[in-house]
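Below: the structure, in structure tokens.
Each ligand, and each atom within it, is numbered from 1 in the order the structure gives. Computed from heavy atoms alone, side chains included, the values below leave out hydrogens, waters and symmetry copies. Only a predicted model underlies this, so the values are computations on that prediction, with no experimental measurement involved.
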Amino acid sequence: MSRIPQTLTIAGSDSGGGAGIQADLKTFQELGVYGTSVVTAVTAQNTTGVTAIYPMSAQAVQTQLEAVGSDFKITALKTGMLFNPEIIKETAAAIQRFNWRNVVVDPVMIAKGGANLLQQEAVEALNRHLLPVALLVTPNIPEAEVLTGIPITDVSSRRLAAEEILAMGAKSVVIKGGHGTDPQYAEDYLLQANGESLLYRSARIATGQTHGTGCTFAAAVTAQLARGQELQDAIHTAKQFIHAALSEPLNIGSGHGPTNHAAYKTVLAESKEAANIEIFR
Ligand SMILES: Nc1ncnc2c1ncn2[C@@H]1O[C@H](COP(=O)(O)OP(=O)(O)O)[C@@H](O)[C@H]1O
Ligand SMILES: Cc1ncc(COP(=O)(O)OP(=O)(O)O)c(N)n1
């Protein structure tokens, strides 16, 4: 009997359903893997912003990690909003205790509306405890700047920041380009510890409905790793998944609306071509 791949998201809850745990579980489901979850914080949030954050205690996080780790065979996991150093340390300890592999770290810091989803003093803990156990780190441009202290203004500063993140112990990093200034393309830059680099380029979609793009992208990579795809291919699929999710907006909420997690499967079910992602080596 073949078992469904089992995945885990360690992240915050978004009451609006577009980002965080909710985006991750929807993405896992769409890509055919079983999703478990450890809630690190509850946010009161909708498409117009975050109005409150209720962090879980480190013990509440630890007991959830124990419940999942002692029962499920997790073959890939992602982290999202971790909020404080205590939660980061519990997360890193569980990854080592359960010998979890295929760890995707999305270093969530600031919501698009401006709310702080990571305390400033937690950045050092993230660098020290989590990056060394990560197969892949997925910062957006501002997050890569905070992690490294390097302003990303061009191709060479982006490469420098990626190298700095690898120097902290991560095996690979993809600096996502959603916040880039190119009106034509959204480009994600992958650098691996063996020095190999890839640029994934898609057309930039002119839309304000981008809530949860980072969570969704990282969750799609995680799902594909759990399904046995190699890292470079998993990122390619994730880029196609987020492109479809942005292309077919749901038009709900009055602010930055959520992406459409069902769009990728619909494209495939209708035997249409997934988005063309150019890859440059
Ligand atoms: N307007 C857009 N058009 C096409 N792809 C986008 C757009 N905005 C973001 N993306 C893609 O969504 C993913 C998440 O990127 P980004 O928005 O930078 O992350 P975050 O949500 O963490 O800020 C990346 O693959 C990025 O290229
Ligand atoms: C609970 C929670 N987690 C993460 C985020 C940020 O998600 P992200 O995918 O980076 O999307 P935007 O905030 O950029 O829309 C969040 N908002 N809430």
Side-chain H-bond candidate by donor/acceptor type, D106 with T138, under 3.5 Å = yes
Just need the protein heavy atom nearest to atom 4 (C) of ligand 1, so name the residue and atom and give the distance.
-> A203 O, 3.5 Å
Flag for H211-T259: side-chain donor and acceptor within less than 3.5 Å = no
In the protein, what heavy atom is nearest to atom 25 (O) of ligand 1, and what distance, to one decimal place, separates them?
-> D188 OD2, 2.5 Å
Would one find an N or O of H211, backbone or side chain, under 3.5 Å from an N or O of ligand 2?
-> yes
Under-4.0 Å heavy-atom contact with ligand 1, by part of C215 that carries it = neither
Counting only heavy atoms not in E121, do more than 12 fall under 6.0 Å of its CD?
-> yes
For ligand 2, which atoms sit closer than 4.0 Å to a heavy atom of V108?
-> 4 (C)
Does any donor atom in the side chain of S13 or Q22 lie under 3.5 Å from an acceptor atom in the other side chain?
-> yes
Hey, is E187 touching ligand 1 through its side chain, its backbone, both or neither, going by heavy atoms under 4.0 Å?
-> neither
Does the N or O separation between G214 and ligand 2 drop below 3.5 Å for any pair?
-> yes
Pair K78, T7: side-chain N/O donor-acceptor within cut-off below 3.5 Å = no
Number the atoms of ligand 1 from 1 as they appear, then name those within less than 4.0 Å of a heavy atom of K112, with their elements.
-> 21 (O)
Contact region, S13 to ligand 2, non-hydrogen atoms below 4.0 Å, reads backbone
Protein heavy-atom partner closest to atom 18 (O) of ligand 1 - residue, atom, separation in Å = G178 N, 2.9 Å
Distance from atom 7 (O) of ligand 2 to nearest protein heavy atom, with residue and atom = C215 SG, 3.1 Å
With no hydrogens and no angle check, do the side chains of Q209 and N251 hold a donor and an acceptor under 3.5 Å apart?
-> yes
Pick one of side chain, backbone, both or neither for how L246 approaches ligand 1, counting any non-hydrogen atom pair under 4.0 Å.
-> side chain
Nearest-contact summary for atom 11 (O) of ligand 2 - protein heavy atom, Å = G212 N, 3.2 Å
Which atoms from ligand 1 have a heavy atom of H179 less than 4.0 Å away?
-> 18 (O), 23 (O)
Could you tell me whether the side chain of E187 and the main chain of L199 form a donor-acceptor pair under 3.5 Å?
-> no
Contact partition for I242 relative to ligand 1, non-hydrogen atoms under 4.0 Å = side chain
Cluster overlap L117 with I88, hydrophobic side-chain contacts below 4.5 Å = no
Looking only at distances, please establish whether an N/O atom of ligand 1 is found under 3.5 Å from an N/O atom of D106.
-> no
Identity and separation of the nearest protein heavy atom to atom 3 (N) of ligand 1 | I205 N, 2.8 Å
Closest to atom 18 (N) of ligand 2 among Q22, Q45, M81 (heavy-atom distance) | Q45
Say whether T36 and Q6, considering side chains only, have a donor N or O and an acceptor N or O under 3.5 Å apart.
-> no
If you measure from the Lys or Arg side-chain nitrogens to the Asp or Glu carboxylate oxygens, is any gap between K26 and E30 under 4.0 Å?
-> no
Restricting to heavy atoms, the pick from K239, Q209, K176 nearest atom 27 (O) of ligand 1 would be K239
What atoms of ligand 2 come closer than 4.0 angstrom to any heavy atom of A111?
-> 13 (O), 17 (N)
Quick one: does G18 get within less than 4.0 Å of ligand 2, heavy atoms only?
-> no
So is G80 close enough to ligand 2, meaning a heavy atom under 4.0 angstrom away?
-> no
Closest heavy-atom contact between L65 and F98?
-> O-CE1, 3.8 Å
May I ask you to list the atoms of ligand 2 that are less than 4.0 angstrom from any heavy atom of L117?
-> 4 (C), 5 (C), 6 (C), 16 (C), 17 (N), 18 (N)
Can you find an N or O of G12 that's nearer than 3.5 Å to an N or O of ligand 2?
-> no
Checking heavy-atom distances from atom 17 (O) of ligand 1 to each of T213, N140, T207, the winner is T213
Has the side chain of N102 got a donor or acceptor atom that lies under 3.5 Å from a matching backbone atom of A76?
-> no
Could you say whether the N/O atoms of K112 and ligand 2 ever approach to under 3.5 Å?
-> yes
Do the numbers put R204 on top of the ring of Y185, so that NZ or CZ is under 6.0 Å from the six-membered ring centre and no more than 45° off the axis?
-> no
